[in-house]
Amino acid sequence: MIDCNNFYASCERVFHPAWGHRPVGVLSNNDGCIVARSNELKDAGIPMGVPYFQAKDQLAKINAVVVSSNYALYGDLSARVMNTLSQFTPEMEVYSIDEAWLDLSGFNPADLDGYGRDITRTIKQHTGIPVSMGIAPTKVLAKIANRICKQRKIPGAVFNLGNEKALDEVLGAIAVDEIWGIGSRWGKGLNALGIDNARQLRDCDTGQMRKRFSVVMERLILELRGIPCLEFEDIAPKKQIIASRSFGERVTELPDLKEAVSSYVTRAAEKLRAQGSACRLLQVSIRTGRHNPKEQFVRRSRQIEFGAPTADTRKLIAAACQGVEQMFVPGVRYAKAGVMLFDLVPVDGMQLGLFEPGDSDKSQVLMETVDRLNRLYGRRSLFFASEGIQKRWGMKRERMTPCYTTHWEDLPTVQ
DNA sequence: TCTGGGGTCCTAGGACCC
DNA sequence: TCTGGGGTCCTAGGACCC
């Protein structure tokens, strides 16, 4: 398992050497929460996920750099990291924007550490992003190895748990809720049973734990014992596609709400077509803010079924807007809307209904053309009128850095 | 005043079938 | 008083991940 250290913060740092060792924090959409922290920011005690307005004073005090998230930049650097990585092994599973699994089973165990150090060094050299690598016989153990690599700041950034002689001690130092697959709920449940660290969990009776929790827990315990239960996975098409956003400011007018939802539908439909699918079911939802106790929490959703699967943005927008009209209540301050596409089927070999026509050839050609032009000339070069132009509800990103690697006009200049 | 977004898998229970 | 057994499919909700 290889992952990028403090990925978003590291991406920003690549293009700002002048920041030196100042702490770096990256904000979520709408500049809401801290979602990525450099080591300096972690050391300063700023917790993950803390609302920005709550941490603002402390951040200023430690002279931290705080930026809005710049997904164009992170997505592009991620692709470069993964591309470099893929040159080292044919068997690779991209697990998230900043993580990948490598299958090194064909390699000579004695060479693994050195090969690992080659990999981490090359990634750093090619992309400027620091990475860490954990090697072990199973995914769960490799995650633990990766964590130890970071905790101990191992030179070369590779830690191989397969070579570890004092395995019991190492696992004994890992708290259960640090294990990949154990969240806070299960962590508390395990603590209540007197199980506090990875070694204790490994030595539990699998049958009992399965009964108490689920088969997921049983597999996790077996993985801790070095018995692989989690496969290497192929890139499968998504089973559901979501596009949702909080608004930059509260929305109270129906036209604005429909505009926002149309934009989200457009984005979801792009993803849908990109994986060669069509959908049979769309769900649209709207809600108010969750954190104001004086304001009533309102949340509504509507599902719209299509007689035949569709990937036509126009049909999807029409359906979603109809749903919004049915749900809209005047006087409510909406904070967020979202669109989900379910019941996805591959477009090739699609079963069409007897009476409902599917997407026409014309429709498919039109959508392909829209997608191609937007790929070529940048997102939203061509868009649907119902998405609106002003976007009063648009995302707040007050501290965004330039898209150094994806927009020509943002290309850095060297003097 | 201001609190992110996008996913997966598993289980239990109900509906329905023979 | 007593009211079968076994299977599938679907959905809602809970747990987890980054």
Side-chain angles (χ1 to χ4, degrees), chain A residues 1-8 25-37 47-57 66 68-71 74-75 78 93-101 139-140 143 146-147 176-190 210-220 223 229-231 233-250 264 267-268 270-272 275 281 283 285 287-295 297 301 303 333 335-344 395-399:
Chain A
M1 141 68 41
I2 191 151
D3 75 350
C4 303
N5 304 343
N6 316 325
F7 183 54
Y8 296 172
V26 179
L27 300 171
S28 64
N29 283 343
N30 279 313
D31 294 346
C33 305
I34 296 271
V35 290
R37 304 163 297 158
M48 175 69 174
V50 71
Y52 177 44
F53 72 93
Q54 280 175 14
K56 216 165 184 172
D57 292 347
V66 180
S68 305
S69 39
N70 182 343
Y71 290 105
Y74 313 150
S78 169
E93 176 191 337
V94 176
Y95 179 65
S96 73
I97 193 165
D98 70 334
E99 290 172 282
W101 304 98
K139 282 185 167 180
V140 170
K143 273 278 194 180
N146 183 292
R147 174 173 284 267
V176 281
D177 57 7
E178 289 179 85
I179 301 170
W180 184 56
I182 307 280
S184 66
R185 280 308 249 280
W186 280 8
K188 285 194 190 99
L190 289 169
R210 178 181 182 147
K211 220 176 276 174
R212 176 91 207 231
F213 296 87
S214 78
V215 65
V216 179
M217 178 68 88
E218 181 182 22
R219 287 201 284 248
L220 203 151
E223 284 256 324
C229 300
L230 304 174
E231 298 292 319
E233 279 166 39
D234 304 325
I235 318 119
K238 300 268 182 276
K239 295 169 181 171
Q240 51 181 262
I241 290 171
I242 301 177
S244 71
R245 292 267 180 291
S246 303
F247 306 131
E249 45 191 81
R250 299 287 189 258
Y264 304 163
R267 180 73 192 110
E270 279 169 7
K271 293 192 211 173
L272 182 71
Q275 68 165 32
L281 182 67
Q283 177 177 298
S285 57
R287 69 165 175 80
T288 58
R290 284 175 305 176
H291 300 283
N292 187 347
K294 285 183 206 144
E295 198 171 25
F297 181 55
S301 69
Q303 294 198 341
R333 298 171 64 239
K336 180 175 180 174
V339 173
M340 296 194 214
L341 307 180
F342 297 104
D343 221 345
L344 310 188
M395 224 195 310
K396 198 168 98 185
R397 287 159 131 186
E398 288 173 351
R399 326 177 67 92

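Each chain gets a letter, A, B and so on, in the order its sequence line appears, and its residues count up from 1.
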Exercise for the section: Please work out if L27(A) contacts a base, only the sugar-phosphate, or nothing of the nucleic acid, heavy-atom cut-off 4.0 Å. Expected result: nothing
The side chain to side chain donor-acceptor pair (under 3.5 Å) partners of Q303(A) (sequence neighbours excluded) come to Q283(A)
Residue set satisfying side-chain contact (heavy atoms from CB on, under 4.5 Å) with Q275(A), at least two apart, ordered chain then number -> P237(A), K238(A), I241(A), S277(A), L344(A)
Using a 4.0 Å heavy-atom cut-off across all strands, classify F213(A) as base, sugar-phosphate, or nothing. nothing
Check: Checking all strands, does R219(A) fall into the base, sugar-phosphate, or nothing category for heavy-atom contacts under 4.0 angstrom?
Finding: sugar-phosphate
Regarding D98(A), tell me which of base, sugar-phosphate or nothing describes its non-hydrogen contacts under 4.0 Å with the strands shown.
sugar-phosphate
Under a 4.0 Å heavy-atom criterion, DNA chain C is touched by chain A from dA15(C) to dC18(C)
The side-chain contact (heavy atoms from CB on, under 4.5 Å) partners of Y95(A) (sequence neighbours excluded) come to E93(A), E99(A), W101(A), W180(A)
Within residues 239-247 of chain A, those residues having any heavy atom closer than 4.0 Å to DNA chain B are K239(A), Q240(A), I241(A), I242(A), A243(A), S244(A), R245(A), S246(A)
Stem ranges of DNA chain B by first residue number, counting only runs of at least 3 Watson-Crick or G-U pairs under 3.5 Å, come to B:5-18 with C:5-18
Show the atom names and distances, to 0.1 Å, of all donor-acceptor pairs under 3.5 Å that link a side chain in residues 288-295 of chain A to residues at least two apart or in another chain.
{"from": "T288(A)", "atom 1": "OG1", "to": "V298(A)", "atom 2": "N", "distance (Å)": "3.0"}
{"from": "N292(A)", "atom 1": "OD1", "to": "K294(A)", "atom 2": "N", "distance (Å)": "3.0"}
{"from": "E295(A)", "atom 1": "OE1", "to": "R333(A)", "atom 2": "NH1", "distance (Å)": "3.2"}
{"from": "E295(A)", "atom 1": "OE2", "to": "R333(A)", "atom 2": "NH1", "distance (Å)": "3.0"}

By nearest-nucleotide position on DNA chain B, the 5'-leaning member of S214(A) and R333(A) is R333(A)
- request: Indicate, with a heavy-atom threshold strictly under 4.0 Å, whether L220(A) touches base, sugar-phosphate, or nothing.
  value: nothing
Next on the checklist: Checking the side chain of E223(A) only, and the main-chain atoms of L230(A) only, is there a donor and an acceptor separated by less than 3.5 Å?
Outcome noted: yes
Sequence neighbours excluded, the answer for side-chain contact (heavy atoms from CB on, under 4.5 Å) partners of R245(A) is N29(A), Y264(A), M395(A)
Residues passing the side-chain contact (heavy atoms from CB on, under 4.5 Å) test with A55(A), sequence neighbours excluded, are V50(A), L59(A)
Across all chains, not counting sequence neighbours, the side chain to side chain donor-acceptor pair (under 3.5 Å) partners of R219(A) are none
Nearest-Å distance once atom P is located in both dC18(C) and dT3(B) = 25 Å
Categorize V50(A) for me: base, sugar-phosphate, or nothing, with a 4.0 angstrom heavy-atom threshold over every strand shown.
nothing
Sorted by chain and residue number, the side chain to side chain donor-acceptor pair (under 3.5 Å) partners of Q54(A) (sequence neighbours excluded) come out as none
Practice item. Mark yes or no for whether S244(A), through its side chain, and A337(A), through its backbone, hold a donor-acceptor pair below 3.5 Å. Key: no
Across all chains, not counting sequence neighbours, the side chain to side chain donor-acceptor pair (under 3.5 Å) partners of Q240(A) are none
Q) For F7(A), does its backbone N or O pair with a side-chain atom of D98(A) as donor and acceptor, under 3.5 Å? A) no
By nearest-nucleotide position on DNA chain B, the 5'-leaning member of K396(A) and V216(A) is K396(A)
Students often get this wrong, so: under 4.0 angstrom with heavy atoms, is K271(A) touching a base, only sugar-phosphate, or nothing? sugar-phosphate
Practice task
Mind checking K143(A) for me? I need base, sugar-phosphate or nothing, with any heavy atom below 4.0 Å counting as a touch.
Solution key: sugar-phosphate
(message) Does R250(A) reach a base, just sugar-phosphate, or nothing at all? Heavy atoms under 4.0 Å.
(response) sugar-phosphate
